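Accompanying notes for the structure given below.
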Amino acid sequence: MPELPDVEGFKRTLAEHATGHQIERVAVRDPGVLRGVSARQLTSRLRGHRFAEPRRQGKWVIAGTDGPAVLMHFGMTGSLRWTDGHAPAERFERLTFVTDGGELHYDDMRKLTGISLASNDEEARRLLRSLGPDALTVQPGEFADLMHGRRAALKTVLMDQHVVAGLGNLLTDEILWRACINPRRAASSLTAHEVRRLYARMRWVLRTSIQAGDVPAKRSWLTGVRYEPAPRCPRCRTPLCHARIGGRTSVWCPRCQGE
DNA sequence: TCAGTTGTTTATAT
DNA sequence: AATATAAACAACTG
């Protein structure tokens, strides 16, 4: 269930375990996750190279090496696991990087996105150049400018990876609920005060979620109640509204955030 | 059997 | 350029 906090965790897995280790081979169990590269190419171009410090931009992990860089996306169901030695394949394991120190396993049930290869970090940046600034590191002034220039519904704008990278459906609803702003408001209609509040709540939700390793499903969070049959606002107990906004199911509190 | 799903890309129209 | 919408991708859950 990868949202930005989960992806940050995958990056950490790479950083803590894989960095410095040499890739001996890549075992492609399901080429359906490869994007723009064949299984043979992936192995031959990566073999012998060592993982460097990984980066994250939005929901992408860039696993650099002293040669090519691996671009990973996790769609709705992907994840990354490290095992110190060889481990039998999990049910949805699609690809394994076998290194001299252990194995990095890419699991993904649905295969909605996948893995691609860039010749170097420069090409990796070029491939991801259409992404907006990362939601965790975007500066308040830049964030305000981005919101100001968009007339579409706030929910749609926040989820648009070309505007700000990293916010998915659950995170966006959680942030808007905490900022007490209606998801259908035009982004450009926010007052300066509202933009500052939105920014502050976004930072808080992201930092708290990253610490937890995912968006917490606690009862005090919108995320923790949104799948209940008749969910109520964790703050004021008002029954929550739900509708499709920007093509995704959205949940909000009509009392805290307006109808 | 059918609807729904935590995401991205592409096409299409406005 | 923005904006809005739908479809496709794939495989599971309720």
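Note that the structure is predicted; figures quoted are calculated from it, not measured. Just so we're on the same page: letters track the sequence lines, and every chain starts at 1.
Contact annotation for Thr223(A): no contact, since no heavy-atom pair falls under 4.0 Å across all strands. Using a 4.0 Å heavy-atom criterion, one finds that Phe92(A) contacts the sugar-phosphate atoms exclusively. Nucleic acid contact for Arg244(A): sugar-phosphate only, since backbone atoms but no base atoms lie under 4.0 Å from a heavy atom of the residue. Within 4.0 Å (heavy atoms only), Gly168(A) reaches sugar-phosphate atoms of the nucleic acid but no base atom. Across all strands, Arg91(A) comes closer than 4.0 Å only to sugar-phosphate atoms, never to a base (heavy-atom distances).
The phosphate of dC9(C) (OP1 or OP2) has no side-chain N or O of Lys111(A) nearer than 4.0 angstrom. OP1 and OP2 of dT3(C) both lie 4.0 Å or more from every side-chain N or O belonging to Thr156(A). Contact between the side-chain N/O atoms of Arg248(A) and the OP1/OP2 oxygens of dG7(B) is found at a separation under 4.0 Å. At the phosphate of dT8(B), OP1 or OP2 sits under 4.0 Å from a side-chain N or O atom of Gln161(A).
A salt bridge links Arg219(A) to Glu228(A): at least one charged side-chain nitrogen sits closer than 4.0 Å to a carboxylate oxygen. Salt-bridge check for Glu122(A) with Arg125(A): failed, with every basic side-chain N at 4.0 Å or more from each acidic carboxylate O.
Counting to the nearest Å, the P atom of dT5(B) and the CG atom of Leu112(A) are 14 Å from each other. Protein atom CE of Met109(A) is 14 Å distant from nucleotide atom P of dT5(B), rounded to whole Å. At whole-Å resolution of the value, CG in Asp108(A) and P in dA10(C) are 12 Å apart. Here the P atom of nucleotide dT6(B) and the CD atom of Glu174(A) are 14 Å apart, to the nearest Å. Atom pair Asp160(A):CG and dG7(B):P shows a separation of 13 Å (rounding to whole Å applied). Atom NE2 of His73(A) is separated from atom P of dT8(B) by 4 Å (rounded to the nearest Å). Lys155(A) places its NZ atom 13 Å from the C1' atom of dG7(B), with the value rounded to the nearest Å. For Asp173(A) and dT5(B), the CG to P distance is 11 Å, given to the nearest whole Å.
Closest to the side chain of Ala152(A), from the set dT5(B), dT6(B), dA4(C), is dA4(C). Residue Tyr227(A) has its side chain nearest to dT6(B) when only dT6(B), dT5(B), dA11(C) are considered. Out of dC12(C), dG7(B), dT9(B), the shortest distance to the side chain of Met76(A) is found at dG7(B).
Aromatic pair Phe74(A)/Tyr106(A): ring centres closer than 6.0 Å.
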- Trace of the side-chain hydrogen bond (donor to acceptor under 3.5 Å, both in side chains) decision for Lys155(A) with Asn182(A): CA-CA 8 Å; Lys155(A) 162 93 185 223; Asn182(A) 190 282; over 6 Å; no

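Comparing Trp60(A) and Leu170(A), the nucleotide of DNA chain B nearest to each residue sits closer to the 5' end for Leu170(A).
Across every strand in view, dT6(B) sits unpaired, with no contact that passes the Watson-Crick or G-U test at under 3.5 angstrom.
Rounded to whole Å, the separation between the P atoms of dG4(B) and dA6(C) comes to 13 Å.
Using the six-membered ring where Trp is involved, His73(A) and Trp60(A) have ring planes that are perpendicular, over 60° apart on the 30 and 60° scheme.
With hydrogens and angles ignored, a donor-acceptor pair closer than 3.5 Å exists between the side chain of Arg110(A) and the base of dT5(B).
Of the candidates Thr65(A), Asp100(A), Thr99(A), Asp100(A) is the only one forming a side chain to side chain donor-acceptor pair (under 3.5 Å) with His21(A).
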